[in-house]
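Here is the structure we will look at.
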Amino acid sequence: GAGVSQSPSNKVTEKGKDVELRCDPISGHTALYWYRQSLGQGLEFLIYFQGNSAPDKSGLPSDRFSAERTGGSVSTLTIQRTQQEDSAVYLCASSPDTGYGYTFGSGTRLTVV
Amino acid sequence: SQQGEEDPQALSIQEGENATMNCSYKTSINNLQWYRQNSGRGLVHLILIRSNEREKHSGRLRVTLDTSKKSSSLLITASRAADTASYFCATGAGGTSYGKLTFGQGTILTVHP
């Protein structure tokens, strides 16, 4: 596609529910990244995928968070048993390879009530 | 912990003036990038400078990198109201962290018409 697409753009969920966030990267980009940004803060790294290599999961804050990337394209970030501190904007980005600039999606604003 | 630290945290200038933002980092890097963010959603990649480069230009943007001081600066010349945004530096390390960017907290730039 022309850009990185994320869905939904906004998600309100009740505490304790599971949520799935979707990212559709630019076609042909081998690297895909997930970050989150709390209000007025910088970006916090969560996970990244590069080609067929094992993902770098070092930024996932707890085992409630997981992500997968199917067929080297679409990625889904899953948060189980959501907590209020999970409220943030979740940003996905892709790049042609590692060591290049990222193209970001518009993000998913997650609000846990 | 954050790798990049931007300075100042906020900058307010008049249209036509130049804006300079600084970024300092702690560990060795492979590249350093600058991004712009409007309205708290997706970031836009502005410029990438590699560790063996000292200066780079793109339109009204000028980026310098001093690896001996572990610092970078972003200069926006002849600023416009449309430049109002948050600006983030992001560092890319080498080794096993290659590809993953670490973002600073950002500088909020306000350009008054």
Side-chain angles (χ1 to χ4, degrees), chain A residues 2-10 23-26 29-60 87-111, chain B residues 1-7 9-10 21 23-53 56 58 61 63 74 85-108:
Chain A
V4 177
S5 178
Q6 290 189 247
S7 61
S9 56
N10 288 283
C23 174
D24 205 336
I26 291 174
H29 280 194
T30 62
L32 184 148
Y33 315 83
W34 284 98
Y35 287 77
R36 73 176 176 182
Q37 184 178 32
S38 300
L39 189 63
Q41 299 297 308
L43 275 69
E44 177 188 1
F45 167 77
L46 297 177
I47 186 171
Y48 96 88
F49 300 86
Q50 168 53 27
N52 296 321
S53 302
D56 179 342
K57 304 179 183 179
S58 59
L60 295 178
S87 296
V89 175
Y90 288 79
L91 293 161
C92 175
S94 69
S95 64
D97 199 342
T98 52
Y100 289 80
Y102 293 2
T103 301
F104 279 88
S106 296
T108 294
R109 184 179 301 280
L110 175 66
T111 304
Chain B
S1 64
Q2 294 292 343
Q3 164 77 311
E5 299 282 342
E6 285 96 340
D7 171 59
Q9 290 186 328
M21 287 160 270
C23 171
S24 60
Y25 56 92
K26 296 183 174 69
T27 60
S28 63
I29 62 170
N30 175 275
N31 68 86
L32 185 145
Q33 305 182 29
W34 287 89
Y35 288 81
R36 183 186 73 229
Q37 184 179 40
N38 295 91
S39 306
R41 298 304 284 258
L43 282 76
V44 174
H45 177 255
L46 296 175
I47 199 162
L48 181 155
I49 187 165
R50 301 201 184 275
S51 59
N52 61 352
E53 297 175 310
K56 216 162 179 184
S58 176
L61 306 180
V63 168
L74 171 67
S86 293
Y87 290 81
F88 294 88
C89 73
T91 52
T96 57
S97 297
Y98 191 68
K100 179 176 75 178
L101 291 180
T102 304
F103 286 80
Q105 297 292 319
T107 292
I108 300 171

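Since we're looking at a predicted model, the values are computed, not measured. Lettering follows sequence order; numbering is per chain, from 1.
- Other residues, nucleotides and ligands contribute at most 12 non-hydrogen atoms within 6.0 Å of the CD1 atom of Ile108(B).
- Heavy atoms of Ser58(A) lying under 4.5 Å from chain B belong exclusively to its side chain.
- Tested against Leu101(B), the residues Tyr48(A), Tyr35(A), Phe45(A) include a single side-chain contact (heavy atoms from CB on, under 4.5 Å) partner, Tyr35(A).
- Atom NZ in Lys100(B) sits 11.0 Å away from atom CD1 in Ile47(A) (nearest 0.5 Å).
- Nearest approach of Gln33(B) to Tyr100(A), heavy atoms of both residues: NE2-O, 3.5 Å.
- With a 4.5 Å cut-off on side-chain heavy atoms, Ser95(A) and His45(B) do not count as touching.
- A donor-acceptor distance shorter than 3.5 angstrom exists from the side chain of Tyr35(B) to the backbone of Tyr102(A), with no hydrogens or angles considered.
- No part of Thr30(A) comes within reach of chain B, as not one of its non-hydrogen atoms sits under 4.5 angstrom from that chain.
- For Leu43(B), the parts lying near chain A are the backbone and the side chain together; criterion is any non-hydrogen pair under 4.5 Å.
- More than 12 heavy atoms of other residues, nucleotides or ligands lie within 6.0 Å of CG in Asn52(B), so this atom counts as buried by the packing criterion.
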